[in-house]
**Student:** 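Before we start, here is the structure in question, set down as structure tokens.
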Amino acid sequence: MSSADCGQQVDGGESRGKRATRDAREGTAEPVCYVNGGLVPESEARISILDHALLYGDGVFDTVIAWDGRLFRLDDHIDRLFRSMAAVAIPPPVGREVLRDLTIGAVRANKLETAYVKWVVTRGSNDTPLMDPAGCEPNLIIIVRPYIQRTMPDGRSGLRLKTAAIRRQPGQVLAPQIKSLNYLNLVLAKIEAKSAQADEALLLDLYGRVCEAPGYNVFIVSRGTLLTPEHDILEGITRASVMEIAAKQGVPLRVCDIELYHAYAAEEVFLTSTAGGLVPVVEIDGRVIGDGRPGPLFAQFSKAYLEMIASPDCGVSIHGEQEA
Ligand code: PLP
């Protein structure tokens, strides 16, 4: 299946909330995770305290969701994980096909149909607490949890963002395209936003252009056109899905530099992520976005995205059925 085939729409059926609640009930036993060759209860999972991931944030990760028994855009996530490993020179601990099978096995072991799945690949350890990676063997961890249903804070209809004083680091420092275990930049932005009573941070680049939010890409609607930043971002797979939906539905879209002014003056703003889907933004730095409620394009794209993740064409079955 190619990612370009993912735009077919089918009935989204049962809502995300209902599915997540049902799976949360099914997943009441202790979660089982995969660590270096075996499945173990999470509380028994072990890696060395000398692992470079712990000492230096030296490793990569990726997140994929299972939706009603199918891992959504699994191969796109695997490809991105492999690109992250290549960029930080961690030799893949397993091949793509093996990772596919291990992931399916881990979701099944947790008896979940709808799940949050996180792969973590650490540099490993070499028995010294020093930075030299010589002799390190990478660790592979697969964490599976019931799908985490995000609810709007205080029952509001959208998020309030605050631009963070800390900036998204440029590629010359650490390429934001790498989904690295060194997310301190994003965590600090989140702390800033929360301490200012905002729901989420909006990160700018060194020149003041809009980049992303911690764990989310950003879209703004400006004079009917969808805009999304081009530089210093993680190239989100949900972002790619939104871009495919825009192309299918004939909604004009530009990948370009976005000044903060454009976000403040936007008709609509929304965030995208694998774990959270499409999330509307109703306020940035005290400026009300549009009329302060999720807008019509958000509603249109949110519906199409839910249909996409429910489509058999976009997911790999955890039950070994033939792909459509
Ligand atoms: N930006 C950052 C920094 C992220 O870590 C993520 C995902 O976790 C995203 C954007 C959204 O990417 P995706 O849609 O692939 O989940």
**Student:** Considering non-hydrogen atoms only, spot the tightest contact between Pro92 and Phe82 and give its length.
**Tutor:** CB-CE2, 3.6 Å
**Student:** Check the hydrophobic clustering (I, L, V, M, F, W, Y; side-chain heavy atoms under 4.5 Å; chains of links allowed) and say if Leu81 and Val144 are grouped together.
**Tutor:** yes
**Student:** Using the rule given for side chain to side chain contact (heavy atoms under 4.5 Å, CB included), can you reason through His319 versus Arg70, listing the C-alpha separation, both sets of side-chain angles and the distance that settles it, and then say yes or no?
**Tutor:** CA-CA 8 Å; His319 301 296; Arg70 291 179 189 278; over 6 Å; no
**Student:** Tell me whether Val107 is reachable from Ile78 by hopping between hydrophobic residues (I, L, V, M, F, W, Y) whose side-chain heavy atoms are closer than 4.5 Å.
**Tutor:** yes
**Student:** Run the salt-bridge test on Asp62 and Arg80 with the 4.0 Å N-O cut-off and return the result as yes or no.
**Tutor:** yes
**Student:** Under 4.5 Å between any side-chain heavy atoms of Met308 and Phe72, yes or no?
**Tutor:** yes
**Student:** Taking only Lys NZ, Arg NE, NH1 and NH2, and the carboxylate oxygens of Asp or Glu, determine whether Arg100 and Asp75 approach each other closer than 4.0 Å.
**Tutor:** yes
**Student:** Report yes or no: do Leu271 and Met152 belong to one cluster of Ile/Leu/Val/Met/Phe/Trp/Tyr joined by side chain heavy-atom distances under 4.5 Å?
**Tutor:** yes
**Student:** Does any non-hydrogen side-chain atom of Val187 lie less than 4.5 Å from one of Pro214?
**Tutor:** no
**Student:** Take Val218 and Tyr216, measure what side chain to side chain contact (heavy atoms under 4.5 Å, CB included) needs, and give me the verdict at the end.
**Tutor:** CA-CA 7 Å; Val218 181; Tyr216 294 96; 5.8 Å; no
**Student:** In terms of hydrophobic clusters joined by side-chain contacts under 4.5 Å, are Val117 and Ile237 together?
**Tutor:** no
**Student:** Within the structure provided, determine whether Leu234 and Pro176 are in side-chain contact (heavy-atom separation under 4.5 Å).
**Tutor:** no
**Student:** Would you find a donor on one side and an acceptor on the other, under 3.5 Å apart, between the side chain of Arg287 and the backbone of Ala263?
**Tutor:** no
**Student:** What pair of heavy atoms forms the shortest contact from Leu226 to Ala246, and how long is it?
**Tutor:** CD1-CB, 4.3 Å
**Student:** Rounded at 0.5 Å granularity, tell me how far OG1 in Thr114 sits from CD1 in Ile148.
**Tutor:** 13.0 Å
**Student:** What distance do Ser157 atom OG and Arg293 atom CZ have between them, rounded to the nearest 0.5 Å?
**Tutor:** 8.0 Å
**Student:** Taking Asp285 for the side chain and Thr163 for the main chain, is one N or O donor matched with an acceptor at less than 3.5 Å?
**Tutor:** yes
**Student:** Take Leu202 and Val210 through the side chain to side chain contact (heavy atoms under 4.5 Å, CB included) test and state the conclusion after the steps.
**Tutor:** CA-CA 7 Å; Leu202 180 63; Val210 172; 3.9 Å; yes
**Student:** Please report the C-alpha distance between Val255 and Arg239 in whole Å, then the side-chain angles of each, then the deciding distance to 0.1 Å, and finally whether the side chain to side chain contact (heavy atoms under 4.5 Å, CB included) criterion is met.
**Tutor:** CA-CA 11 Å; Val255 179; Arg239 173 177 177 266; 3.5 Å; yes
**Student:** Does any non-hydrogen side-chain atom of Asp79 lie less than 4.5 Å from one of Arg96?
**Tutor:** yes
**Student:** If you count heavy atoms of other groups shown closer than 6.0 angstrom to OH of Tyr56, is the number above 12?
**Tutor:** yes
**Student:** Could you tell me whether a side-chain N or O of Glu268 sits under 3.5 Å from a main-chain N or O of Val221, the two making a donor and an acceptor?
**Tutor:** no
**Student:** Measuring from atom CG of Asp127 to atom OG of Ser48, what distance do you get when rounded to the nearest 0.5 angstrom?
**Tutor:** 7.0 Å
**Student:** What is the distance from atom CZ of Arg73 to atom OG1 of Thr238, rounded to the nearest 0.5 Å?
**Tutor:** 8.5 Å
**Student:** Atom CG in Asn185, atom SG in Cys211: separation rounded to 0.5 Å?
**Tutor:** 9.5 Å
**Student:** Regarding Arg209 and Glu230, does a basic nitrogen lie under 4.0 Å from an acidic carboxylate oxygen?
**Tutor:** no
**Student:** Where the side chain of Arg168 meets the backbone of Asp205, is there a donor-acceptor pair that is under 3.5 Å apart?
**Tutor:** no
**Student:** State, to 0.1 Å, how close Asn139 and Gly124 come at their nearest heavy-atom pair, and which atoms those are.
**Tutor:** ND2-CA, 3.8 Å
**Student:** Check this for me: does any side-chain nitrogen of one of Glu244 and Lys248 sit under 4.0 Å from a carboxylate oxygen of the other?
**Tutor:** no
**Student:** Would you find a donor on one side and an acceptor on the other, under 3.5 Å apart, between the side chain of His52 and the backbone of Pro129?
**Tutor:** no
**Student:** For a quick test of reading the model, state the closest non-hydrogen atom pair linking Pro93 to Met85 and the distance between them.
**Tutor:** CD-SD, 3.8 Å
**Student:** Can you tell me how far apart OG1 (Thr228) and CG (Asn217) are? Round to the nearest 0.5 Å.
**Tutor:** 6.0 Å
**Student:** Which pair of non-hydrogen atoms, one from Val40 and one from Ala45, has the smallest distance, and what is that distance?
**Tutor:** CG2-CA, 3.9 Å
**Student:** Do Asn36 side-chain atoms and Leu140 backbone N/O form a donor-acceptor pair below 3.5 Å?
**Tutor:** yes
**Student:** Are Leu71 and His77 packed together at the side-chain level, in the sense that at least one heavy-atom pair is separated by less than 4.5 angstrom?
**Tutor:** no
**Student:** Are Leu181 and Leu186 in one and the same hydrophobic cluster, where Ile, Leu, Val, Met, Phe, Trp and Tyr link if side-chain heavy atoms are under 4.5 Å apart?
**Tutor:** yes
**Student:** Checking Ser180 side chain against Val60 main chain: does a donor-acceptor pair fall under 3.5 Å?
**Tutor:** no
**Student:** Would you say the side chain of Ile143 lies within less than 4.5 Å of the side chain of Pro31, judging by non-hydrogen atoms?
**Tutor:** no
**Student:** Do the side chain of Glu30 and the main chain of Ser43 share a donor and acceptor less than 3.5 angstrom apart?
**Tutor:** yes
**Student:** Would you please indicate if the ring centroids of Phe219 and Phe301 are separated by under 6.0 Å?
**Tutor:** no
**Student:** Report, as yes or no, whether the 6.0 Å neighbourhood of atom CZ on Arg254 holds more than 12 heavy atoms from other residues, nucleotides or ligands.
**Tutor:** no
**Student:** Ignoring hydrogens and angles, tell me if any N or O in the side chain of Glu200 forms a donor-acceptor pair with the backbone of Leu159 under 3.5 Å.
**Tutor:** no
**Student:** Is Asn126 reaching over with its side chain to a backbone N or O of Cys136, donor-acceptor style, under 3.5 angstrom?
**Tutor:** no
**Student:** Shortest non-hydrogen contact from Val282 to Gly158?
**Tutor:** CG2-O, 3.5 Å
**Student:** Is the shortest distance from a Lys or Arg side-chain nitrogen in Arg156 or Asp199 to a carboxylate oxygen in the other one below 4.0 Å?
**Tutor:** yes
**Student:** Is Leu99 close to Ile142 at the side-chain level, that is, under 4.5 Å between some pair of heavy atoms?
**Tutor:** yes
